[in-house]
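Numbers here simply count residues along the sequence, with the first being 1.
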Amino acid sequence: MMSAVNDTKFSFAVFLLTGIPGQEDVHLWISILFCLVYVISIVGNSVILFIVKTDPSLHEPMYIFLSMLAITDLALSIATMPTTLGIFLFNSREISLDACFAQLFFIHSLSFIESSVLLLMAFDRFVAICKPLRYASILTLPRIGKMGLVIVLRGVSLIFPLPFLLKRFQYCQANVLSHCYCLHQDVIKMACADITVNYIYGFFLIVTVVGLDSLFIFLSYVMILKTVLKVMSNVECLRALNTCVSHLCAVLLFYTPRIGLGLIHGYWKTSPRLLNLFLGYISLFVPPLMNPIVYTVKSQHLSARIIRVFFK
């Protein structure tokens, strides 16, 4: 009788999300910070989209790619907002399995799309600096549209199997997730089954998307550096590299915390829990917050248009 009970696999109907353990008394105050982050992220990215759409002089490849980045950041903010504010405002930690799988689908697919957008932006800087005479003929509007469609299809199609792979499992481990949102690498730890396929597929995704994208971004900047050091004067070199600063900041903001989080989930099992949480918050909340600020500050053309529209 006891053996039969012990062999039974119970499947949880919900997962429990995690805010900041030990700080429950100040969750309400922390929620003010998150509300502020979300408002700035949504307003900042929406303003960039509005300015680029309404100003014909900004209908150039660099600003179109920036609009793609803003759309992705907006979608990421919206995908993580409900559960985050639910925890800190209302202590609503429960999330159903289906809702969790849907959220992780959007988070991972949008993250892959953002990685691809950053690669396209690196390609834009490469063409602008290394092949300036062919810039207009290479990055035409129809070609940019096709690139955008390809990266969306790539991100969605690669993540599409994950919810179905997760739905096969029963979840009988402790059902408390590590973050205030659902991640694939977090959910599979709850499964009481062989998760080898998920691990292999997850590793394949990291290598083929994050690995290849970051490698091509790195190679783009190697080619840019070779070009500016070879054929440009010191003043021209600094001017050309200055156009890359915003993109480099966006790349570092995106990849650094995600690589750290991936290493923690994969290899550093005894990592401090607060470090895990901190990197998780940075990886999803900081890029949508900072990207509009960085690009507005660094682009005089864009900042001038924003000032002209809102401070006439």
Side-chain angles (χ1 to χ4, degrees), residues 34-82 106 109-129 131-156 239-240 242-251 253-254 284-312:
F34 279 105
C35 287
L36 187 63
V37 168
Y38 279 128
V39 168
I40 296 174
S41 301
I42 291 173
V43 171
N45 287 290
S46 298
V47 166
I48 285 180
L49 289 173
F50 174 76
I51 296 297
V52 173
K53 179 176 174 58
T54 56
D55 192 336
S57 68
L58 297 178
H59 293 176
E60 300 175 359
M62 181 176 73
Y63 295 106
I64 295 174
F65 289 134
L66 177 58
S67 297
M68 293 181 184
L69 185 65
I71 291 172
T72 308
D73 282 339
L74 269 175
L76 265 174
S77 295
I78 293 170
T80 55
M81 184 186 304
F106 284 110
S109 58
L110 288 166
S111 296
F112 283 0
I113 291 170
E114 181 155 347
S115 175
S116 300
V117 172
L118 292 173
L119 174 58
L120 292 183
M121 297 175 87
F123 179 67
D124 169 75
R125 292 298 84 207
F126 165 76
V127 176
I129 294 172
K131 301 180 184 295
L133 299 179
R134 297 183 57 198
Y135 183 77
S137 61
I138 292 175
L139 291 174
T140 61
L141 291 181
R143 187 167 290 165
I144 291 172
K146 291 176 183 176
M147 289 177 177
L149 180 61
V150 167
I151 64 173
V152 170
L153 291 176
R154 178 202 190 201
V156 170
R239 188 181 299 121
N242 189 51
T243 65
C244 301
V245 171
S246 301
H247 178 254
L248 284 171
C249 290
V251 168
L253 285 170
F254 179 81
L284 286 188
F285 302 149
V286 171
L289 172 71
M290 293 303 300
N291 286 339
I293 297 173
V294 170
Y295 273 94
T296 301
V297 169
K298 290 300 297 179
S299 173
Q300 294 182 354
H301 194 49
L302 181 61
S303 58
R305 292 297 185 274
I306 293 173
I307 292 171
R308 185 179 301 175
V309 169
F310 292 99
F311 302 99
K312 289 182 179 179

So which atom in [X] and which in [Y] form the shortest heavy-atom distance, rounded to 0.1 Å?
X	Y	value
S67	L49	O-CD2, 3.4 Å
I151	L120	CD1-CD1, 4.0 Å
I48	A70	CG2-CB, 4.4 Å
N291	L253	OD1-CD1, 4.0 Å
S137	T140	O-CG2, 3.4 Å
G155	I113	CA-CG1, 4.2 Å

Ignoring hydrogens and geometry, is there a side-chain-to-backbone donor-acceptor pair from [X] to [Y] under 3.5 Å?
X	Y	answer
S109	F106	yes
S303	Q300	yes
N45	S41	yes
T72	M68	yes
R143	I138	yes

Could you tell me whether F123 and F65 have their ring centroids closer than 6.0 angstrom?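 No - the distance between ring centres of F123 and F65 does not fall below the 6.0 Å cut-off.
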
Give a yes or no on whether Y135 atom OH has more than 12 heavy-atom contacts from other residues, nucleotides or ligands under 6.0 Å away.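 Above 12, so yes.
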
What is the distance from atom [atom1] of [X] to atom [atom2] of [Y], rounded to the nearest 0.5 Å?
X	Y	atom1	atom2	value
I51	S299	CD1	OG	11.5 Å
S111	F254	OG	CZ	5.0 Å
D55	R305	CG	CZ	4.5 Å
L284	M81	CG	CE	12.5 Å
M62	L139	CE	CG	12.0 Å
I40	I293	CD1	CD1	6.0 Å

Parallel, tilted or perpendicular for Y38 and F285, by the 30°/60° rule?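 Ring orientation, 0 to 90° scale: perpendicular.
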
Do [X] and [Y] make a side-chain contact, defined as non-hydrogen atoms from C-beta onward lying under 4.5 Å apart?
X	Y	answer
T243	R125	yes
M121	V117	yes
L302	L66	yes

Checking side chain to side chain contact (heavy atoms under 4.5 Å, CB included) against L74, which of P288, P292, S46 comes through?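 Going through the options one by one, the only one that passes is S46.
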
